[in-house]
Each structure stands twice: as C-alpha cells, then as structure tokens.
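First the structure, in the form of structure tokens, and then the observations on it.
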Amino acid sequence: MQLKFKSGINKLLIAVVVIYHIIIALLFSTKIFSMSNFGVNIAIIMCVVDVILILPMLFMTYYEFKTDYLYIHDYPFRAYKIKYSDIFNVEDGDFETKDKSIVALSLDRVAIGYTKINNKNEEEKRYVFISPKDMSLFLIRLSARLKQCENEATERAKELSEKQIEHNRKKEIADRKREEELKANAPEIINVKGIKKGGFKVEEAEADKDKK
C-alpha cells in the first residue's frame, strides 16, 4: 500500500530550474574566454544554492500517511504533523484563504483545513496547500484515514458513554447502601407523655410511689 507521495512539479518550475542550470554552465564557460574568475565565482555560489535549496526542494518535498497523522515534508524549511482528528475540511486548490501555508510545487493542488493551538493557547483554523503527484490515490487514502478516525471517535464516544452509565449505576447503588446503613444505625427515639415538655405524667409518678 502506497503511503508516501512525492510532490507533483509544475512544468514552468521545471523550465525555470533547467534555465538556472544552463546559466551556471555558461558562467563556468566564461573562464575559457576570459582570465577573470568573476563568472566562475558566481557559478559556484549558484551551485551551492542549487545543492542546498533547489534540488532538495524538488526531490525531498513529500507527503506521508502515518498512523495518527499526515506528515508533510517541505524541505528545507518546514515540516507539518497534522492529526487526522484535527482535519475538518478538504478544498480544491483554487480555494482562497488568508490563513494558509503552501507546500505545493504544482498548480494541481488541494487545500487541507485543520485546527491548531496557537501561542495564546487558542484554537485556530488554518489551511495547508499540497500537490501530491498521484492526486486521486492520495485523496482516496486521505478519505479512508478520515473515515477510520471518525469511526474510532464514535467508538470512543460510545465506550465513554457506557463507562459513564456504569459509573452512575455504581454510584446510585453506593448511595442507597449508605442511606440504608444510616437508617440501621440511627438511635431509637422513645416518645414519653408528660404534662409539661420534658416532664413525666404526675399520675404515673404517684402510682409508682404508692406501690412502694
């Protein structure tokens, strides 16, 4: 199963890179017709930029499906780990928004909307634009992952609901048992008749005296 997708590359970008390399070759060739090393020095600088930035950008920009997140590698600048549970939308590449990052080397791209926590510990919505070379297969894989994540979330919610019901049932049983224990241990209250509150009935007291 393919889980790693290289970025598609726009033909115009390829043409620019080819012209860039032609210029490097021409600058090196100036050494043949001139004693100056100026052109060669410029060519060397361009080669360094080519090796460090341009070629890695073309060949090391990719998107990979991990177990819990989508990994977006934008060499050499950025890398994104977007949890499937944080993805809330997938738009066409023509989608317009201010809160976006572009990790696409082709105009055939897709915008993935996701939530993230900013420096103020607030949730914000952002979009990242990517351009997988095999767009159709990539979207199939992404759809399957999002569906799986949705099912897992439903199962977790069901499990939590069942645990909550069980917890409430146990709490109700414990409360009932505690109430029964309190009733069983409560002191017995004896009602005594008296003329006055707290006093015994006079007749009963005198009768007891005569018996003695």
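As the structure is a computational prediction, the values presented were derived from the model and not from experiment.
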At what distance, to the nearest 0.5 angstrom, does [atom1] of [X] lie from [atom2] of [Y]?
X    : Y    : atom1 : atom2 : answer
L70  : I87  : CG    : CD1   : 5.5 Å
E172 : R169 : CD    : CZ    : 9.0 Å
N41  : T30  : CG    : OG1   : 9.5 Å
I112 : L139 : CD1   : CG    : 8.0 Å
N37  : I42  : CG    : CD1   : 11.5 Å
Q148 : T67  : CD    : OG1   : 9.0 Å

State plainly whether one hydrophobic cluster holds both [X] and [Y], where clusters connect Ile, Leu, Val, Met, Phe, Trp and Tyr through side-chain heavy atoms under 4.5 angstrom apart.
X    : Y    : value
L27  : I52  : yes
V110 : L3   : yes
I22  : Y20  : yes
I102 : L142 : no
I117 : V128 : no

Test your reading of the model: is there a side-chain donor-acceptor pair from [X] to the backbone of [Y], 3.5 Å cut-off?
X    : Y   : value
D86  : I82 : no
D50  : I54 : no
D92  : F95 : no
Y127 : E96 : no
H73  : Y63 : no
Q2   : K4  : yes

What pair of heavy atoms forms the shortest contact from [X] to [Y], and how long is it?
X    : Y    : answer
S7   : S131 : OG-OG, 3.0 Å
I130 : M135 : O-CE, 4.4 Å
K100 : T97  : CD-O, 3.3 Å

(request) List, by chain and then residue number, the residues other than I173 in its hydrophobic cluster (Ile/Leu/Val/Met/Phe/Trp/Tyr, side-chain heavy atoms under 4.5 Å); write none if there are no others. (result) none
(request) Output the rest of the hydrophobic cluster of Y71: all Ile, Leu, Val, Met, Phe, Trp and Tyr residues reachable through side-chain heavy-atom contacts under 4.5 Å, sorted by chain and number. (result) Y62, Y69
(request) Assess whether atom CZ of F88 is packed by more than 12 heavy atoms of other residues, nucleotides or ligands within 6.0 Å. (result) yes
Determine whether [X] and [Y] make a side-chain contact, defined as any pair of heavy atoms from C-beta on separated by less than 4.5 Å.
X    : Y    : value
E91  : N89  : yes
D175 : K171 : yes
V18  : H21  : no
L58  : V17  : yes

(message) Strictly by side chain to side chain donor-acceptor pair (under 3.5 Å), give each pair with a member in residues 106-116 just once, sequence neighbours left out.
(response) none
(request) Can you tell me which residue pairs pass the side chain to side chain donor-acceptor pair (under 3.5 Å) test with a partner in residues 133-145, sequence neighbours excluded? (result) none
(request) Could you walk me through whether N168 and E166 pass side-chain hydrogen bond (donor to acceptor under 3.5 Å, both in side chains), step by step? (result) CA-CA 5 Å; N168 291 339; E166 180 66 15; over 6 Å; no
(request) Evaluate the criterion side chain to side chain contact (heavy atoms under 4.5 Å, CB included) for residue pair M57 and L105; output intermediate values, then yes/no. (result) CA-CA 9 Å; M57 179 184 66; L105 303 179; 4.2 Å; yes
(message) Between E179 and K177, does any side-chain N to carboxylate O distance fall below 4.0 Å?
(response) no
(request) List the steps, then state whether side chain to side chain contact (heavy atoms under 4.5 Å, CB included) holds for V103 with F129. (result) CA-CA 6 Å; V103 190; F129 288 72; over 6 Å; no
(message) Restricting to side-chain contact (heavy atoms from CB on, under 4.5 Å), what partner residues turn up for E180, sequence neighbours left out?
(response) R176
(request) Just jot down the side-chain contact (heavy atoms from CB on, under 4.5 Å) partners of I45, sequence neighbours excluded, or say none. (result) none
(request) Show your working on side chain to side chain contact (heavy atoms under 4.5 Å, CB included) between I24 and I44 and close with a plain yes or no. (result) CA-CA 8 Å; I24 291 176; I44 291 173; over 6 Å; no
(request) Show the numbers, then the answer: is there a side chain to side chain contact (heavy atoms under 4.5 Å, CB included) between M46 and I23? (result) CA-CA 9 Å; M46 292 178 67; I23 293 173; 3.9 Å; yes
